[in-house]
J.: 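Please find one structure pasted underneath; my questions will follow.
Note that the structure is predicted; figures quoted are calculated from it, not measured. Naming: A, B, ... by sequence-line order, numbering from 1 per chain. Reckoned from all heavy atoms, side chains included, excluding hydrogens, waters and symmetry mates.
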Amino acid sequence: MFTMGGGHWVRGIVDEIIKRGDERIVIHTGKTPSGPIHIGAEREQFICSAIQRELERRGIDSTFNFIIDSYDPIKSIPAGLTVPKGFEEELGKPLSAVPDPFGCHSSYAHHFAEEFIRCQPEFGLSPNIIYSHELYTKPEMKGAIKTVLMKLDQLKAIRRKYLHLPEEDGTADDWNPVMAVCEECGRIASMKREVIPNKIDSWDLEKDEITYTCSACGHKGQGKIRDLSLKLSWRVDWSAKWAVFRVTCEPAGKDHCVKDGAYDMGLEVCQEIFGYRGPLRVSYEWLTLGEHAMKTHKGITFTPMEWIKIAPPEALRHLILSADPMRHISFLPERIPDIVDNFDRLERIYYGIEAPPPTEDLEYLRDLYALCVKEKPHESAPARLPYRFAATIVQLEPILGSDKVIAKSVEYAARLHMKTSLSEYEASDVARRLSMASNWVSLYAPAQARFKLSTGALDIRISDETERKFVGSVAGLLERDLSESDLQNGIFETARTLGMEIGKAFAVLYRILIGSERGPRLAPLLLALDRDWVVERLRSAVQ
RNA sequence: GGGCCUGUAGCUCAGUACGGUAGAGCGAUGGGCUCUUAACCCAUUGGCCAAGGGUUCAAAUCCCUUCAGGCCCGCCA
């Protein structure tokens, strides 16, 4: 079918952003650090990053803020997280006030937020980080709280509309979005059975005074708005930030973007209560881990930190930015080699080494590649070590030693790209991929991608007469201490002389050594092993 | 109960805004390679486009209904 061209979908988003005519373009994203932050959250980050790059390409400057919702209460302890005894006592406190269960950061919020933030430069982004527990001490947020109290009736009416609450006469609605952190117990909500926020009881804007009752410990407190630790509840909190920062665009998960969902209500609150038009909505689908949605509280997660250990960050950008935001992405760590290969293919297409599939729009592919690399594309195609190769050769490290593994990999990458030597970047990229592949093999590789020397009792016996002769001859070759290439050639010649199919000949050796039909290049493998052991192994298989 | 998104080869997905005889990658199978670091090259295989109905000369694409999965309507990308 005829493709329209037109490049990457982010161009359309940027067109709309520009149409708004905002004085200053501010892109926002946010995340609650309620536990390990998984790679699903990167979808939002990458969309923002792509928007920012597209703006930059058009010569437009922008601000990219990442709000850490550290002031939200901790509502549960995520499954799989080991916490000190008595940690349940912390439930209901703001995440920024809960101690780090690992003891390495100043709070629970900081621990998980920092772990995520630390990875971001690796993925080619560096948003401004804003912790909401700090933000709420600022006069702008105090002002938003006052505005909310001033227009509370109007706000209640908006809320009732969105939550489809039964029409009431209005007097019974004691909802209030202003929450107070209890000065006695430090909680902002109680967590028995259900979440009950600490609402304020009374307020006097003239005198700047507020009273509240703690839903957890029952403490009754009072104080001035500027002194008390106050927070707005979710949907109002969101629009207050939009208004305070004059946000141009904030992507959000599809859960918030449904009709009458948090985004719809937030926009109306933003306009009616705070007098700001609100951001452009970009909604996106979730990433799933196989068939399951990633859920922090259920402990089903895969974090950016874990990604970096097993695969290049560009490959995650590619996985996410190549998909339409409204389609869900199903990720499984077992598929990492495919995912990395896909990125490598795009890279080769970008540099004209490989022809694009006939149905694909080249302009789109070029856009996409520029959005996937960490900074700017290299001047020429970098020589990459194929991930599958890496995943194979690292398994020889115990017998080859790491120096040899690296040397062979560098040599292979250079040969593939018809280079005589690798640049410093290329060589370090090869080393990185080897260590990633090594982690992947030990953590996630399916059985068929792994091999192990069969050192135990030999459980196969070669009965075919030709095969027996062949194996015997190879054992003889080994005893002659040949060079690598002579040995490799010798094996081929032996097979040919005996009239064996090459594939079958190799298969029989692999079966004896690693119990598989195929394996890593044979001569180096044989030479890396203890000679007498291999000879004995081969001979006993054909006895 | 109300609403949104998704369903295309064994797997992952393009193609749906603007209807014009089903595409890619991976896999599988076969072959080739003076010859394999699970490589590479070539070929083959593969699909009632979830199901049914409608509109049309023509539907994966537009409309209606049904089914399945995910999600929202209370905090949670």
J.: Using a cut-off of strictly less than 4.0 Å, decide whether A:His256 has a side-chain nitrogen or oxygen near OP1 or OP2 of B:A77.
T.: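 So the side chain of A:His256 is within the cut-off, an N or O lying under 4.0 Å from OP1 or OP2 of B:A77.
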
J.: Looking only at the side chain of A:Trp234 (C-beta and beyond, no hydrogens), which of the listed nucleotides B:C5, B:C73, B:C76 gets closest?
T.: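 Of B:C5, B:C73, B:C76, B:C76 is nearest to the side chain of A:Trp234.
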
J.: Rounding to an integer number of angstrom, what distance separates B:G20 and B:G15 when you compare their C1' atoms?
T.: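 The answer is 14 Å between these two C1' atoms.
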
J.: Strictly by modelled atom types, are A:Thr303 and A:Glu306 linked by a side-chain donor-acceptor pair under 3.5 Å?
T.: yes

J.: Roughly how far, to the nearest 0.5 Å, is CG of A:Asp429 from CD of A:Glu314?
T.: 7.5 Å

J.: Using a heavy-atom cut-off of 4.0 Å across all strands, would you classify A:Leu287 as base, sugar-phosphate, or nothing?
T.: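 Here A:Leu287 touches the bases of the nucleic acid.
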
J.: Using atom CD1 of A:Ile514 as one end and atom P of B:A38 as the other, report the distance to the nearest whole Å.
T.: 11 Å

J.: Among B:U37, B:C26, B:C76, find the nucleotide with the atom closest to the side chain of A:Asp338.
T.: B:C26

J.: Let's test this: given Watson-Crick or G-U wobble pairing with both distances under 3.5 Å, identify the partner of B:G1.
T.: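 The base-pairing partner of B:G1, which may sit in any strand shown, is B:C73.
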
J.: Does NZ or CZ of A:Arg366 fall inside the cone over A:Tyr350's six-membered ring, less than 6.0 Å from its centre and within 45° of the axis?
T.: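 Yes - A:Arg366 lies over the ring of A:Tyr350, closer than 6.0 Å to its centre and within 45° of its axis.
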
J.: Can you confirm whether the side chains of A:Asp237 and A:Tyr136 place a donor and an acceptor under 3.5 Å from each other?
T.: yes

J.: Using a 4.0 Å heavy-atom cut-off, does A:Ser330 contact any base of the nucleic acid, only the sugar-phosphate backbone, or nothing at all?
T.: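 The answer is sugar-phosphate, as A:Ser330 gets under 4.0 Å only of primed atoms, P, OP1 or OP2.
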
J.: Regarding A:Lys31, tell me which of base, sugar-phosphate or nothing describes its non-hydrogen contacts under 4.0 Å with the strands shown.
T.: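 Sugar-phosphate contact only.
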
J.: Is B:A17 syn or anti, taking syn as a glycosidic angle within 90° of 0?
T.: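 You should classify B:A17 as syn.
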
J.: Using the side-chain heavy atoms of A:Arg327, tell me which of these nucleotides is nearest: B:C13, B:G70, B:A38.
T.: B:C13

J.: Mind calculating the distance between CZ (A:Arg388) and P (B:U37) to the nearest angstrom?
T.: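 In whole Å, B:U37 P lies 16 Å from A:Arg388 CZ.
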
J.: Return yes if some donor-acceptor pair links the side-chain N/O of A:Glu44 with the main-chain N/O of A:Gly30 below 3.5 Å, else return no.
T.: yes

J.: Okay, side chain of A:Trp307, backbone of A:Pro312: is any donor-acceptor separation there less than 3.5 Å?
T.: yes

J.: Over how many whole Å does the gap from A:Tyr162 atom OH to B:C73 atom C1' extend?
T.: 13 Å

J.: Given that both distances must come in under 3.5 Å, which nucleotide forms a Watson-Crick or G-U wobble pair with B:A68?
T.: B:U6

J.: With a 3.5 Å distance limit and no angle check, can you tell me whether A:Glu354 reaches the backbone of A:Ile349 through a side-chain donor-acceptor pair?
T.: no

J.: Ignoring the backbone of A:Thr392, work out which of B:U37, B:C75, B:U12 is nearest its side chain.
T.: B:U37

J.: Without decimals, in angstroms, what is the distance between A:Lys254 NZ and B:C76 C1'?
T.: 14 Å

J.: B:C26 P sits how many Å from A:Leu346 CG, rounded?
T.: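 In whole Å, B:C26 P and A:Leu346 CG are 15 Å from each other.
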
J.: Pick one for B:C48: is it syn, with its angle within 90° of 0, or anti?
T.: syn

J.: Return yes if some donor-acceptor pair links the side-chain N/O of A:Ser132 with the main-chain N/O of A:Leu135 below 3.5 Å, else return no.
T.: no

J.: Using whole Å, report how far CG of A:Asp237 lies from C1' of B:G74.
T.: 16 Å

J.: Regarding A:Thr32, tell me which of base, sugar-phosphate or nothing describes its non-hydrogen contacts under 4.0 Å with the strands shown.
T.: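 Counting heavy atoms under 4.0 Å across all strands, no contact is made by A:Thr32.
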
J.: Taking the P atom in each of B:A28 and B:U34, what is the distance between them to the nearest angstrom?
T.: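 Here B:A28 and B:U34 have their P atoms 24 Å from each other.
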
J.: With P as the reference atom in both, quote the distance from B:C73 to B:G53 in angstrom, rounded to an integer.
T.: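 Those two atoms are separated by 38 Å.
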
J.: Compare the minimum distances between each of B:C5, B:U37, B:C13 and the side chain of A:Phe389, then state the nucleotide with the smallest one.
T.: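 Nearest nucleotide to the side chain: B:U37.
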
J.: Distance check, P atoms only: B:C49 and B:G10, in whole angstrom units.
T.: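 Going atom to atom, P in each nucleotide, I get 13 Å.
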
J.: For nucleotides B:C72 and B:C76, find the distance between their P atoms and express it as a whole number of Å.
T.: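 Their P atoms lie roughly 11 Å apart.
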
J.: Scan every strand shown for a Watson-Crick or G-U wobble partner of B:A17, both distances under 3.5 Å, and answer none if you come up empty.
T.: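 With both distances under 3.5 Å required, B:A17 matches none.
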
J.: Determine the interatomic distance between C1' on B:G69 and the same-named atom on B:G54; round to the nearest Å.
T.: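 About 26 Å, rounded to a whole number of Å.
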
J.: Can a salt bridge be assigned to the pair A:Lys31 and A:Asp69 using a cut-off of 4.0 Å between side-chain N and carboxylate O?
T.: no

J.: On the nucleotide B:G74, are OP1 or OP2 found under 4.0 Å from the side-chain N or O atoms that A:Arg159 carries?
T.: no

J.: Looking across every strand, which nucleic acid part, if any, lies under 4.0 Å from A:Gln488 by heavy atom: base, sugar-phosphate, or nothing?
T.: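 Here A:Gln488 touches the bases of the nucleic acid.
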
J.: Sticking with atom C1', work out how far B:C48 lies from B:U21, rounded to a whole angstrom.
T.: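 Nearest-Å result for B:C48 against B:U21 at atom C1': 15 Å.
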
J.: For A:His38, report the nucleic acid contact type (base, sugar-phosphate, nothing); a contact means any heavy atom under 4.0 Å.
T.: base

J.: Distance check, C1' atoms only: B:G52 and B:A60, in whole angstrom units.
T.: 15 Å

J.: Quick one: look up who B:U44 pairs with, Watson-Crick or G-U, both distances under 3.5 Å, and put none if it's unpaired.
T.: B:A28

J.: Need the pair for B:A60. Rule: Watson-Crick or G-U wobble, both distances under 3.5 Å, any strand; none if unpaired.
T.: none

J.: Which of the following nucleotides, B:G25, B:U37, B:C5, is nearest to the side chain of A:Asn342?
T.: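 Closest nucleotide to the A:Asn342 side chain: B:G25.
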
J.: Mind checking if A:Arg345 touches a base, just sugar-phosphate, or nothing, with heavy atoms under 4.0 Å?
T.: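 Answer is sugar-phosphate: A:Arg345 comes under 4.0 Å of backbone atoms only.
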
J.: When you measure from the side chain of A:Lys75, which nucleotide among B:U37, B:C75, B:A77 comes out closest?
T.: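 Nucleotide nearest to A:Lys75's side chain: B:C75.
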
J.: Indicate whether A:Trp286 forms a stack on B:A77; treat it as stacked only if centroid distance is below 5.5 angstrom and interplanar angle below 30 degrees.
T.: yes

J.: Where the side chain of A:Ile393 is defined as all heavy atoms beyond and including C-beta, which of B:C75, B:C71, B:U37 is the nearest nucleotide?
T.: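 The listed nucleotide nearest to A:Ile393's side chain is B:U37.
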
J.: Could you tell me how far apart A:Trp9 (CH2) and B:G15 (P) are, to the nearest whole angstrom?
T.: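 Atom CH2 in A:Trp9 sits about 13 Å away from atom P in B:G15.
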
J.: Taking the side chain of A:Asp255 as heavy atoms from C-beta outward, which of B:A77, B:C73, B:U6 is closest to it?
T.: B:A77

J.: Roughly how many Å is it from OH in A:Tyr412 to P in B:A38, rounded to a whole number?
T.: 6 Å

J.: Check whether any side-chain nitrogen or oxygen of A:Arg235 sits under 4.0 Å from OP1 or OP2 of B:C75, and answer yes or no.
T.: yes

J.: When you measure from the side chain of A:Tyr284, which nucleotide among B:U37, B:G70, B:A77 comes out closest?
T.: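 Ranking B:U37, B:G70, B:A77 by closest atom to the A:Tyr284 side chain puts B:A77 first.
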
